[in-house]
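One structure is given below, represented as structure tokens, and several questions about it will come after.
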Amino acid sequence: MTKINAEEAYKKYIDEKKNKINELVDLKKIAIAKKEYYWTKQLLKLITLFNGEKILLFNDKKIIVPKNRSVIFANTHRFKPDFEKITIANPSPSFVIASDFINAYGTINGWYFNTRPTIFVNPYSKDDKNNTYIMMKKYLNAGMNCTIFPEAVWNLSENKIVLDIFTGTVKAALETNSVIIPIAIERYGKKYIINCGEVYDPSIIIEEKLKECNLSDFNNLCQKTKKEMILKCNTILRDKMASLLYEIWYDHAMKFGYEKREKIEENYWENFVYKLTNEWPGYKLQDNVEQQYQNSDDIEKKEMELFLQQMFENPKLNNIFMCMPENNFKRFIQRTKK
């Protein structure tokens, strides 16, 4: 398949989704998808076995999901095969929220997505992200579970266990009376370890907060207070995902020991990212940067890094910031951007 064909198919898909957001969910298709899920898992297991890979569950705890409530599986996102491996480990059928339609189109990766209901999203379109969110809620309200990666991109950070996550997962759970199960995955060679967390119900957090404030109805709150509560629920979800991943790291370190810093080659991280991204033809690091959640601290940090780079490249700017008050410094940065 050529890139032009993939782009044409993508545009057609986005247009069709826009026209379908007001249609009822086809319950017969959902029932068929649930039956096909079993065979999808068996085939993925055979592929994993053929590749000499192993999938290990970090624990065997039984997760009890409340009756008559859909589940959103919120997964960490660290490399290309995490979607397939989590599919194998997940006992429950689910639809998927994914973003890389063009690179998956006409490939075996596209086949993975087509074996179950998949909602592709254009991360650069505000309208399409809104349409995707509407579709996501329709499926959840129809009783189907959801697989989503709240970080939206692979976590290629050197120091963040989990990137900042978008609030869509928490908001959808609250608006559809669904619960969330956080999941972390890590890879060591050809061994994949998956750690499933306990059921997380953000509505309980909201109820507790309402009681503290002597309030009764979340919908009657002002937008600012609503946003604060949702962000609090979102932070809890991110912390849960990070804790699950850290449990895997800690357990692995206890079993196999730590790697001493002096043994790590100087360009280790660059080589690691290079090998990782080569697993997914067409993957762009620029997309990874642009599509991840950007908070104000990250934006300010990147502005500082850009300014420092300009400073080192331009001798006229050297040390000019050393005696500047904070406000003048920020204005100076703005002027250098123009």
> How far does NZ of K129 sit from CG of N122, to the nearest 0.5 angstrom?
Replying inline: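 Those atoms lie 9.0 Å apart.
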> Is the count of non-hydrogen atoms from other residues, nucleotides or ligands lying under 6.0 Å from Y274 atom OH greater than 12?
Replying inline: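 Check fails, neighbour count at 12 or below.
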> Which pair of non-hydrogen atoms, one from E7 and one from I102, has the smallest distance, and what is that distance?
Replying inline: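 For E7 versus I102, the nearest heavy atoms are CG-CD1, 3.7 Å.
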>> Classify the ring geometry of Y293 against F166: parallel below 30°, tilted from 30° to 60°, perpendicular beyond 60°.
In response: perpendicular
>> If we count only N and O atoms by modelled type, under 3.5 Å, do the side chains of T167 and N234 hold a donor and an acceptor together?
In response: no
> Pairs in or reaching into residues 245-256: which pass salt bridge (Lys or Arg N to Asp or Glu O under 4.0 Å), with residues at least two apart or in two chains?
Replying inline: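 Found D251-K255.
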>> Show the nearest heavy-atom pair for residues L163 and S157, with the distance to one decimal.
In response: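 Heavy-atom minimum between the residues: CD2-CB, 3.9 Å.
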> Among pairs that include at least one residue of residues 272-281, which meet salt bridge (Lys or Arg N to Asp or Glu O under 4.0 Å), considering only residues two or more places apart or in two chains?
Replying inline: R187-E279
>> Rounded to the nearest 0.5 Å, what separates atom CD in E53 from atom CD1 in I88?
In response: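 Nearest 0.5 Å value for the CD-CD1 distance: 8.5 Å.
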> Between A173 and I72, which heavy-atom pair has the shortest distance, and what is it?
Replying inline: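 Of all heavy-atom pairs spanning A173 and I72, the closest is N-CD1, 3.8 Å.
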>> Using a 4.5 Å cut-off between side-chain heavy atoms of Ile, Leu, Val, Met, Phe, Trp and Tyr, which other residues end up in the same hydrophobic cluster as L49?
In response: none
> Do other residues, nucleotides or ligands put more than 12 heavy atoms under 6.0 Å from N51 CG?
Replying inline: yes
> Partners of D26 by side-chain hydrogen bond (donor to acceptor under 3.5 Å, both in side chains), sequence neighbours excluded?
Replying inline: none
> Do F101 and Y13 have ring centres separated by under 6.0 Å?
Replying inline: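 Yes, close enough.
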> Under the side chain to side chain contact (heavy atoms under 4.5 Å, CB included) test, which residues partner E158, sequence neighbours left out?
Replying inline: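 E158: side chain to side chain contact (heavy atoms under 4.5 Å, CB included) contacts with W269.
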> Is there a path of hydrophobic side-chain contacts, each under 4.5 Å between heavy atoms of I, L, V, M, F, W or Y residues, that connects F79 with Y268?
Replying inline: yes
> Taking all non-hydrogen atoms of both residues, which atom of K138 and which atom of L24 are closest, and how far apart?
Replying inline: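 Closest heavy-atom pair between K138 and L24: NZ-N, 4.3 Å.
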>> Applying side chain to side chain contact (heavy atoms under 4.5 Å, CB included), can you list everything that pairs with S99, at least two apart in sequence or on another chain?
In response: V121, P123, Q291
> Does D82 have any side-chain hydrogen bond (donor to acceptor under 3.5 Å, both in side chains) partners at least two apart in sequence or in another chain, and if so, which?
Replying inline: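 For D82 the side-chain hydrogen bond (donor to acceptor under 3.5 Å, both in side chains) partners, ignoring immediate neighbours, are H77.
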> Between S94 and T147, what is the shortest heavy-atom contact and its length?
Replying inline: OG-OG1, 2.7 Å
>> Tell me whether L244 shares a hydrophobic cluster with Y246, the cluster being built from Ile, Leu, Val, Met, Phe, Trp, Tyr side chains joined at under 4.5 Å.
In response: no
> Can I86 be reached from V153 by stepping across I, L, V, M, F, W or Y side chains whose heavy atoms are under 4.5 Å apart?
Replying inline: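 V153 does not cluster with I86.
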>> I'd like to check the ring-ring contact (aromatic ring centres under 6.0 Å, His included) partners of Y188; sequence neighbours left out, ordered by chain and number.
In response: H252
>> Side chains of T87 and K41 only: does a donor on one sit below 3.5 Å from an acceptor on the other?
In response: no
> Considering residues, nucleotides and ligands other than E270, do more than 12 of their heavy atoms fall under 6.0 Å from its CD?
Replying inline: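 Atom CD in E270 is crowded, with more than 12 foreign heavy atoms closer than 6.0 Å.
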>> So, using side chain to side chain contact (heavy atoms under 4.5 Å, CB included) as the criterion, who are the partners of D127 when residues are at least two apart?
In response: S125
>> Under a 3.5 Å cutoff, is there a donor and acceptor pairing between the side chains of N131 and D128?
In response: no
>> In this structure, would Y250 and Y192 fall into the same cluster of hydrophobic residues linked by side-chain contacts under 4.5 Å?
In response: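 Yes: a chain of side-chain contacts under 4.5 Å links Y250 to Y192.
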>> Test of understanding: with salt bridge (charged side-chain N to carboxylate O under 4.0 Å, His left out), list the residues that count as partners of D201, not counting sequence neighbours.
In response: R69
>> Applying a strict under-4.5 Å side-chain criterion to I, L, V, M, F, W and Y, I'd like to know whether I204 and L210 cluster together.
In response: no
> For N59, which residues count as a side chain to side chain contact (heavy atoms under 4.5 Å, CB included) partner, sequence neighbours excluded?
Replying inline: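 For N59 the side chain to side chain contact (heavy atoms under 4.5 Å, CB included) partners, ignoring immediate neighbours, are K61, N195.
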Sequence neighbours left out, cut at 3.5 Å: what donor-acceptor pairs do the side chains of residues 222-231 make with other protein atoms?
from: K226; atom 1: NZ; to: N219; atom 2: O; distance (Å): 3.3

